[in-house]
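In this text, all values refer to a predicted model and were calculated from it rather than measured experimentally.
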Amino acid sequence: MANTADVIIVGGGIIGSSIAYYLAKKGTSVIVLEGSDHIGNGGSSRNGGGVRQSGRDPRELPLVMYGIKNLWPTLSEELEVDCEYHQDGNLRLGKTEKHRQILEGLTERAVKVGLDVRMIDGDEVRRINPYLSDEVICASWCPTDGHANPLTTTLGYYKMARRLGAHFITGEKVVELRKIKGKLRQVITPNNVYEADTVVVAAGYDSRKILGTVGIDIPMAQAMIECLVTEAEPHMFDQMLGTAEADFYGHQTKHGSFVFGGTSGFEAVNKDNGTPICSSMTASCECRGIMKYFPALADAKIVRTWSGWVDQVQDGVPVLGNVSEVPGLVLAAGFCGHGFGIAPGVAYNIAELITTGTSPVDMHELRYDRFKTKI
């Protein structure tokens, strides 16, 4: 099979798969190289499923707003898979005055970008979700936020991209990018050389090492998050939930189980044999916090836990778009643990940027060269 295409995408998660879909939909030939043996093996299958605008940095907010307005509502029909998308709002909860100040700041910044989000008191919180405890004194409320299923959504993008002609190769670990006559042209794996006019790097934290082969460095580090799933419970609520300090987040799935994610502070000392390993302390730590907010879940049984790496960029938002120092290189990495909900908006805009030279949403604030040293 030919090793050339218009575009090569490095990374087969939801970012890479969705970019492949929107490119293939426009008639662009695409090869997707995934280093692991499975599509969506990284953060795409290890997240809480939030499709939210609230609580985001204003620089990335327009992209997720674009996706929620134009793409998410019809995504299940377009991808011919049940993405389990619910647009029933997001309650970002607070229990202290410090939490209130955090939420007020996030809300004020989001409103300036045009998001419909507001602060509400504890009584209104419990009118929206009567299962929350009296310890909750306030929340930010965004009625257009929601949640979806990361596994089925990633699968949908992958299957539809393939149907449109995109070629996915798993177990093909990229070890080098190579320029020819000053332009990025080749993608090197241990056994093959691939060529394209444009190369998109969307490989999570692995992007840093790959980009280093052409002298590009993104200031990012690895951070671990852990999630848990409960047994199925009677239907309680459809909102996405989070907290002011993002210590945990979650929702109830279509099947009745609850998915919660968070951190305990112990993740940095976990063992690492190349696969993220859950800490024995994190799930119990998360559960103690969750029960303070949701007393009704005190007796819910945990079915399983899992963990995953976050590609945490120094300033908390992804790196997107062209790299002027390396013509032919496009970045879509560093999503800092909240890449799932923003993925359709990012992918559509990246595909437009590649094929037309412009994108519907201005991504200038997320460019590679925004990082500057302090003197």
S.K.: Drop me the distance from Ile128's CD1 to Asp123's CG, to the nearest 0.5 angstrom.
M.R.: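 Taking CD1 in Ile128 and CG in Asp123, the distance rounds to 11.5 Å.
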S.K.: Answer yes when Glu352 and Lys26 have at least one side-chain N-carboxylate O distance shorter than 4.0 Å, and no when they do not.
M.R.: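 So Glu352 pairs with Lys26 through a salt bridge.
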S.K.: Using every non-hydrogen atom in the two residues, find where Pro344 and Leu75 come nearest and quote the distance to one decimal.
M.R.: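 Reported closest heavy-atom pair: CG-CD2, 4.2 Å.
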S.K.: Are any non-hydrogen side-chain atoms of Thr230 and Leu297 less than 4.5 angstrom apart?
M.R.: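 No - every pair of side-chain heavy atoms lies 4.5 Å or more apart.
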S.K.: For Asp238 and His147, which heavy atoms make the closest approach, and how far apart are they?
M.R.: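 That would be O-NE2, 2.9 Å.
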S.K.: Looking only at side chains, do His364 and Asp362 share a donor and an acceptor under 3.5 Å apart?
M.R.: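 There is no such pair (donor and acceptor under 3.5 Å, judged by atom type) between the side chains of His364 and Asp362.
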S.K.: Kindly give the heavy-atom pair with the smallest separation between Val136 and Leu132, and that separation in Å.
M.R.: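 Here Val136 and Leu132 meet closest at CG2-CB, 4.5 Å.
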S.K.: What distance do Gln101 atom CD and Thr96 atom OG1 have between them, rounded to the nearest 0.5 Å?
M.R.: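 OG1 of Thr96 is found 8.5 Å from CD of Gln101.
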S.K.: Assess whether a salt bridge exists between Lys301 and Glu233, defined as any Lys/Arg side-chain N lying under 4.0 Å from an Asp/Glu carboxylate O.
M.R.: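 Between Glu233 and Lys301 there is no salt bridge, as every charged N stays at least 4.0 Å from the carboxylate O atoms.
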S.K.: In Å, rounded to the nearest 0.5 Å, how long is the span from CG of Leu320 to OH of Tyr368?
M.R.: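 Going from the CG atom of Leu320 to the OH atom of Tyr368 covers 14.5 Å.
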S.K.: Answer yes if the side chains of His235 and Gln252 hold a donor-acceptor pair under 3.5 Å, and no otherwise.
M.R.: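 The criterion, which ignores hydrogens and geometry beyond distance, is not satisfied for Gln252 and His235.
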S.K.: Any chance the side chains of Ser29 and Asp6 put a donor and an acceptor closer than 3.5 Å?
M.R.: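 Side-chain D/A pair, Ser29 to Asp6: present.
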S.K.: Leu63 pairs by side-chain contact (heavy atoms from CB on, under 4.5 Å) with which of Ile342, Ile68, Ile350?
M.R.: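 One option only clears the test, and that one is Ile342.
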S.K.: Could you check whether any side-chain N or O of His251 sits under 3.5 Å from a backbone N or O of Gly48, counting only pairs where one atom can act as donor and the other as acceptor?
M.R.: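 Flag set: sc His251 to bb Gly48 pair under 3.5 Å.
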S.K.: Quick one: which of Tyr157, Tyr85, Phe335, Trp72 gives a ring pair (Phe, Tyr, Trp, His ring centres under 6.0 Å) with Phe340?
M.R.: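 Exactly one candidate clears the test, Trp72.
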S.K.: Decide whether Leu211 and Val175 are clustered together by the hydrophobic rule: side chain heavy atoms of Ile, Leu, Val, Met, Phe, Trp, Tyr closer than 4.5 Å, transitively.
M.R.: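 Unlinked, Leu211 and Val175 end up in two clusters.
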S.K.: Do Leu177 and Ile8 share a hydrophobic cluster (ILVMFWY, side-chain heavy atoms under 4.5 Å, transitive)?
M.R.: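 In one cluster: yes.
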S.K.: Any sub-3.5 Å donor-acceptor pair from Ser44's side-chain atoms to Ile14's backbone N or O?
M.R.: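 Answer holds: yes.
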S.K.: For a ring-ring contact (aromatic ring centres under 6.0 Å, His included) check, start with the C-alpha distance between Tyr158 and Phe168, then their side-chain angles and the critical distance, and finish with the verdict.
M.R.: CA-CA 8 Å; Tyr158 163 70; Phe168 286 75; 4.8 Å; yes
S.K.: Using the rule given for side chain to side chain donor-acceptor pair (under 3.5 Å), can you reason through His86 versus Gln239, listing the C-alpha separation, both sets of side-chain angles and the distance that settles it, and then say yes or no?
M.R.: CA-CA 8 Å; His86 280 261; Gln239 301 91 32; over 6 Å; no
S.K.: So which atom in Ser36 and which in Glu34 form the shortest heavy-atom distance, rounded to 0.1 Å?
M.R.: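 Between these two residues, the closest heavy atoms are OG-OE2, 2.7 Å.
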S.K.: With no hydrogens and no angle check, is any side-chain donor or acceptor of Arg56 less than 3.5 Å from a backbone partner on Arg52?
M.R.: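 Side chain of Arg56 to backbone of Arg52: a pair is present.
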S.K.: Could you check whether any side-chain heavy atom of Val113 comes within less than 4.5 Å of a side-chain heavy atom of Leu115, counting everything from C-beta outward?
M.R.: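 They are not in contact (no side-chain heavy atoms under 4.5 Å apart), so the answer is no.
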S.K.: Between Asp197 and Arg185, does a side chain to side chain contact (heavy atoms under 4.5 Å, CB included) hold up when you go through it step by step?
M.R.: CA-CA 6 Å; Asp197 295 322; Arg185 181 67 190 173; 2.6 Å; yes
S.K.: Are Val174 and Ile31 co-members of a hydrophobic cluster defined by side-chain heavy atoms under 4.5 Å apart?
M.R.: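 Same cluster: Ile31 reaches Val174 through Ile, Leu, Val, Met, Phe, Trp or Tyr contacts under 4.5 Å.
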S.K.: Between Glu245 and Thr243, is any side-chain donor less than 3.5 angstrom from a side-chain acceptor?
M.R.: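 Absent: no donor and acceptor within the cut-off.
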S.K.: Take Leu79 and Leu155, measure what side chain to side chain contact (heavy atoms under 4.5 Å, CB included) needs, and give me the verdict at the end.
M.R.: CA-CA 9 Å; Leu79 300 182; Leu155 176 65; over 6 Å; no
S.K.: Counting distance only, does the side-chain N/O of Ser17 pair as donor-acceptor with the main-chain N or O of Thr154 below 3.5 Å?
M.R.: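 Checking the backbone N and O of Thr154 against the side chain of Ser17, no donor-acceptor pair under 3.5 Å is found.
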S.K.: So does Asp37 have more than 12 non-hydrogen atoms from other groups sitting under 6.0 Å from CG?
M.R.: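 Counting neighbours around CG of Asp37, more than 12 heavy atoms of other residues, nucleotides or ligands fall under 6.0 Å, so yes.
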S.K.: Measuring only between side-chain heavy atoms, which start at C-beta, is Asn349 closer than 4.5 Å to Pro360?
M.R.: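 Side chain of Asn349 against side chain of Pro360, heavy atoms only: contact under 4.5 Å found.
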S.K.: Under 6.0 Å between ring centres, would you say that holds for Tyr22 and Tyr348?
M.R.: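 That pair passes the under 6.0 Å test.
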S.K.: Minimum heavy-atom separation for Ser54 and Val117, please, with both atom names.
M.R.: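 Nearest heavy atoms, Ser54 then Val117: CB-CG2, 4.3 Å.
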S.K.: Please determine if Arg126 and Asp134 form a salt bridge, counting it only when a charged side-chain N lies under 4.0 Å from a carboxylate O.
M.R.: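 Salt bridge between Arg126 and Asp134, a charged N being under 4.0 Å from a carboxylate O: yes.
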S.K.: Is there a donor-acceptor pair under 3.5 Å between the side chain of Gln314 and the backbone N or O of Met220?
M.R.: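 Checking the backbone N and O of Met220 against the side chain of Gln314, no donor-acceptor pair under 3.5 Å is found.
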S.K.: Taking Arg208 for its side chain and Ile218 for its backbone only, find out whether a donor-acceptor pair lies under 3.5 Å.
M.R.: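 Looks like yes, one N/O pair under 3.5 Å.
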S.K.: Would you say Gln222 and Asp311 are linked by a side-chain donor-acceptor pair, where the criterion is simply a distance under 3.5 Å?
M.R.: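 No pair is found: no donor N or O on one side chain lies under 3.5 Å from an acceptor on the other.
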S.K.: If you apply the rule salt bridge (charged side-chain N to carboxylate O under 4.0 Å, His left out), what do you find for Glu231 with Arg304, and how did you get there?
M.R.: CA-CA 9 Å; Glu231 63 185 357; Arg304 64 186 177 97; over 6 Å; no
S.K.: Considering non-hydrogen atoms only, spot the tightest contact between Ala161 and Ala24 and give its length.
M.R.: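 Taking every non-hydrogen atom into account, O-CB, 4.2 Å.
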S.K.: Please say whether more than 12 non-hydrogen atoms of neighbouring residues, nucleotides or ligands are located less than 6.0 Å from CZ in Arg367.
M.R.: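 It does: Arg367 CZ has more than 12 such atoms within range.
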S.K.: Take Met363 and Leu353 through the test side chain to side chain contact (heavy atoms under 4.5 Å, CB included) and record every step on the way to the result.
M.R.: CA-CA 10 Å; Met363 298 186 288; Leu353 179 67; 4.0 Å; yes
S.K.: So does Ile225 get a backbone contact from the side chain of Ser307, meaning a donor-acceptor N/O pair under 3.5 Å?
M.R.: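 Not a single qualifying donor-acceptor pair exists.
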S.K.: Under 3.5 Å, is there a donor-acceptor pair linking the side chains of Glu172 and Thr189?
M.R.: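 There is such a pair (donor and acceptor under 3.5 Å, judged by atom type) between the side chains of Glu172 and Thr189.
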S.K.: Would you say the side-chain atoms of Asp145 and Gln53 include a donor-acceptor pair closer than 3.5 Å?
M.R.: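 Note: Asp145 and Gln53 side chains meet the donor-acceptor criterion.
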S.K.: Contact between Thr170 and His38 at the side-chain level, heavy atoms closer than 4.5 Å - yes or no?
M.R.: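 Contact flag for Thr170/His38 side chains = no.
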S.K.: When the ring centroid of Tyr293 is compared with that of Phe248, is the distance short of 6.0 Å?
M.R.: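 Yes - the distance between ring centres of Tyr293 and Phe248 falls below the 6.0 Å cut-off.
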S.K.: Check Asp57 with Arg109, please: is the shortest side-chain N to carboxylate O separation under 4.0 Å?
M.R.: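 So Arg109 does not pair with Asp57 through a salt bridge.
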S.K.: Once rounded to the nearest 0.5 Å, what's the spacing between atom CG of Asn129 and atom CE of Met236?
M.R.: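 CE of Met236 is found 7.5 Å from CG of Asn129.
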S.K.: Do Tyr194 and Val214 sit in one hydrophobic cluster, given that two such residues count as connected whenever their side-chain heavy atoms are within less than 4.5 Å of each other, even indirectly?
M.R.: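 In one cluster with Tyr194: Val214, yes.
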S.K.: Under 3.5 Å, is there a donor-acceptor pair linking the side chains of His255 and Glu84?
M.R.: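 Their side chains do contain a donor-acceptor pair, which is all the 3.5 Å distance test asks for.
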S.K.: Do Val319 and Leu366 pass the side chain to side chain contact (heavy atoms under 4.5 Å, CB included) test, and can you show the C-alpha distance, the side-chain angles, and the key distance before you say yes or no?
M.R.: CA-CA 5 Å; Val319 181; Leu366 301 172; over 6 Å; no
S.K.: Can you measure from CZ (Arg163) to OH (Tyr21) and round to the nearest 0.5 angstrom?
M.R.: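 These two atoms lie 9.5 Å from each other.
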S.K.: For the atom pair NZ (Lys98) and CG (Leu103), what is the distance rounded to the nearest 0.5 Å?
M.R.: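 Answer for the NZ-CG pair, Lys98 versus Leu103, is 12.0 Å.
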S.K.: Ignoring hydrogens and angles, state whether a donor on the side chain of Gln312 or Tyr205 is under 3.5 Å from an acceptor on the partner side chain.
M.R.: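 No - no donor-acceptor pair under 3.5 Å links their side chains.
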S.K.: Side-chain heavy atoms nearer than 4.5 Å, only ILVMFWY residues, links allowed to pass through others: does that put Val229 and Met240 together?
M.R.: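 Each belongs to a different hydrophobic cluster.
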S.K.: Counting only N and O atoms by type, is there a donor-acceptor contact under 3.5 Å from the side chain of Ser133 to the main-chain atoms of Lys292?
M.R.: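 Yes; judged by distance alone, with no hydrogens or angles, the pair exists.
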